[in-house]
Every structure is written in C-alpha cells, then in structure tokens.
Amino acid sequence: MINSKIKSKTVAEFLNISISSIYYQSKKKIYSLIKQIANSFPSYGDIRIYRVLRNKGYKINHKKVYRIYKELNLQKVKVKKHKKISISSCNSLTEAKHSNHVWAIDFAFDEIENGKIIKIMPICDVFSRFCIGIKIDNSICANSIIEIFKSYFLKYNKPEIIRTDNGPEFISKGSPWENGNIESFIGKLREECLN
C-alpha cells in the first residue's frame, strides 16, 4: 500500500499533475456502474449499491453514491399502507433494543421445477437485521422447528423474545402486522432469489 502511494506520488511529480487526478475515477464510469447495478438488482438501494462498489474495489464515499442514486432517480417509490391499529395491541409490541433481543420468524412457500411445493422458514435478528438462518424443506413441523432452535441457541445463544405469526407451528399472542421485519426480509428473498 505504501509502495503504491510512493509510486503514484512519483508518477504525479513526473507528469506534473496532482496525485488526486491519478485516483480520480471517471464520473461517467461511476454513473454507469451505479445504473448498471441498480438495473441488475432492482431491490438494491443506495447502501447496497455502495457495498457492491466497495467490494469491487472502488474507493467511493457512501454519500456520493447516495447523491448519484438520487440524481439518476433510481429510488423506488414506497406505497404507504395505512392500517388501523388499536392502542392495546401497540403496547404489546416489544422494540428490539440490542442484538439477540428479538428474533423474528415466518414462513414462505414456493414451487420448484418439478412442481413440488417447498416451505421456507427464515429466522432474523430484528435489531441487527442479521439472518440467523433459513430452513428449506418440503415440510417443517413443530418438532423440526425445535431442533432448528436448539442448534441456533447453541451457536448464537437464546434470544429474549421470539416473534412469530399465529401459524399452526406456533402458539403465540402475536399478529401478522407485528412481524414486519421478517415480512420485509421474505419480500427481498423472494425478489432476489426465489423469483
């Protein structure tokens, strides 16, 4: 790293140009790269595009990616759904305060090439938005879920709260609107992987 900086400085002095012009990346190139990533992955926002660029070795600031993203009008319009929620049910929802405080679980279904239906069960940490794991099988029964939890508890420790909907696999006091984090994750999983 130090040698490359010394070489760059030597080249800049030899050509009588500023060192920043050696590291300058063409504006058109960055614009087209951001547009290309956004078109290839429609669900990616500016932060995920920034991470892709960094992984590819581009030294670019996340604020610059955000400015270009907005300038190119790539942001998706979110439709706000208004739901009437009673005050008593709002009070029952526990906000995640740290990692491993609240885990969210839900199920999704999809059809594979041979026509069989598969069941998908992602488990996510609500605070960090880290996907603890995804179980995929033809059927996921209550006993299977217990075994999955045992393995994840050993790996990550037990969460204080497990948030689910009222499916046949679970008996809980939750309601589907309280599981918005996992619903959002399943939407992205479906858009980026399953579809």
Side-chain angles (χ1 to χ4, degrees), residues 25-83 85 93 95-96 98-138 140 145 148 152 156 159 161-165 167 169-170 174-195:
Q25 294 162 347
S26 163
K27 189 176 177 182
K28 282 183 180 177
K29 187 177 181 181
I30 294 295
Y31 272 65
S32 79
L33 267 171
I34 290 172
K35 205 170 185 177
Q36 182 186 351
I37 295 166
N39 290 335
S40 299
F41 303 98
S43 63
Y44 280 19
D46 58 296
I47 297 295
R48 290 178 86 180
I49 290 172
Y50 160 74
R51 287 184 186 143
V52 169
L53 289 170
R54 293 295 288 193
N55 288 340
K56 288 185 174 189
Y58 289 92
K59 294 181 181 179
I60 187 166
N61 186 305
H62 69 279
K63 291 176 185 175
K64 185 174 183 178
V65 173
Y66 174 72
R67 280 194 303 272
I68 295 170
Y69 185 79
K70 276 189 80 173
E71 196 178 314
L72 293 172
N73 202 22
L74 297 171
Q75 62 268 45
K76 288 162 269 326
V77 178
K78 291 185 179 178
V79 179
K80 291 186 179 178
K81 293 180 183 176
H82 299 284
K83 291 185 180 181
I85 302 167
L93 182 62
E95 186 182 333
H98 53 79
S99 288
N100 226 31
H101 181 214
V102 181
W103 284 5
I105 297 147
D106 202 359
F107 292 97
F109 296 89
D110 206 354
E111 188 178 327
I112 55 177
E113 232 176 59
N114 63 7
K116 284 188 178 178
I117 301 294
I118 56 167
K119 197 171 191 177
I120 302 155
M121 183 186 82
I123 304 171
C124 293
D125 182 278
V126 174
F127 183 81
S128 66
R129 299 186 182 213
F130 172 71
C131 179
I132 307 289
I134 301 174
K135 172 72 174 170
I136 301 169
D137 211 332
N138 293 331
I140 304 172
I145 291 168
I148 292 163
Y152 290 143
Y156 300 106
I161 297 164
I162 295 175
R163 190 177 295 156
T164 69
D165 63 359
E169 302 83 4
F170 303 107
S175 57
W177 70 267
E178 291 180 343
N179 223 356
N181 299 87
I182 197 74
E183 296 289 344
S184 171
F185 178 83
I186 288 172
K188 287 179 178 138
L189 177 72
R190 192 171 293 287
E191 192 175 326
E192 292 177 28
C193 301
L194 303 177
N195 291 349

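All residue numbers refer to positions in the sequence shown, counting from 1.
Contact check for P159 versus D125: no side-chain heavy atoms found under the 4.5 Å cut-off. Side-chain contact between R163 and I182 is absent, with no heavy atoms from C-beta onward closer than 4.5 Å. Residues I145 and I105 are not in side-chain contact: their nearest non-hydrogen atoms beyond the backbone lie 4.5 Å or more apart. At least one side-chain heavy atom of E71 sits less than 4.5 Å from a side-chain heavy atom of Y31.
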Let me see the working for D137 and I118 under side chain to side chain contact (heavy atoms under 4.5 Å, CB included), right down to the final yes or no. CA-CA 6 Å; D137 211 332; I118 56 167; over 6 Å; no

Test log, rule side chain to side chain contact (heavy atoms under 4.5 Å, CB included), inputs F185 and C131: CA-CA 9 Å; F185 178 83; C131 179; 3.7 Å; yes

Could you give me the CA-CA distance, side-chain angles and deciding distance for I161 and V126, then say whether side chain to side chain contact (heavy atoms under 4.5 Å, CB included) is met? CA-CA 10 Å; I161 297 164; V126 174; over 6 Å; no

Let me have the donor-acceptor pairs involving side chains of residues 32-43, under 3.5 Å, with sequence neighbours excluded, atom names and distances please.
| from | atom 1 | to | atom 2 | distance (Å) |
| --- | --- | --- | --- | --- |
| S32 | OG | K29 | O | 3.1 |
| N39 | ND2 | K35 | O | 3.2 |
| S40 | OG | Q36 | O | 2.9 |
| S43 | OG | E192 | OE2 | 2.7 |

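Surrounding OH of Y66 are at most 12 heavy atoms belonging to other residues, nucleotides or ligands under 6.0 Å away. The neighbour count for R190 CZ, taken as heavy atoms of other residues, nucleotides or ligands under 6.0 Å away, is above 12.
To the nearest 0.5 Å, atom CD1 of residue I117 and atom CZ of residue F109 are 9.0 Å apart. Interatomic distance, OH of Y156 versus CG of N100, reported as 10.0 Å (0.5 Å rounding). Atom-to-atom distance recorded for F107:CZ and I186:CD1 is 9.5 Å, nearest 0.5 angstrom. To the nearest 0.5 Å, atoms OH (Y44) and CD1 (I49) are separated by 9.5 Å. Here the straight-line distance linking atom OG of S184 with atom CG of D106 works out to 12.0 Å at 0.5 Å rounding. Taking NZ from K135 and CD1 from I148, the interatomic distance works out to 5.0 Å, rounded to the nearest 0.5 Å.
Counting all heavy atoms, side chain and backbone alike, F127 lies closest to A96 at CD1-O, 3.5 Å. Shortest non-hydrogen contact noted between R54 and K59 is NH1-CA, 3.6 Å.
Remark: N73 pairs with Q75 by the side chain to side chain contact (heavy atoms under 4.5 Å, CB included) rule, at least two apart or across chains.
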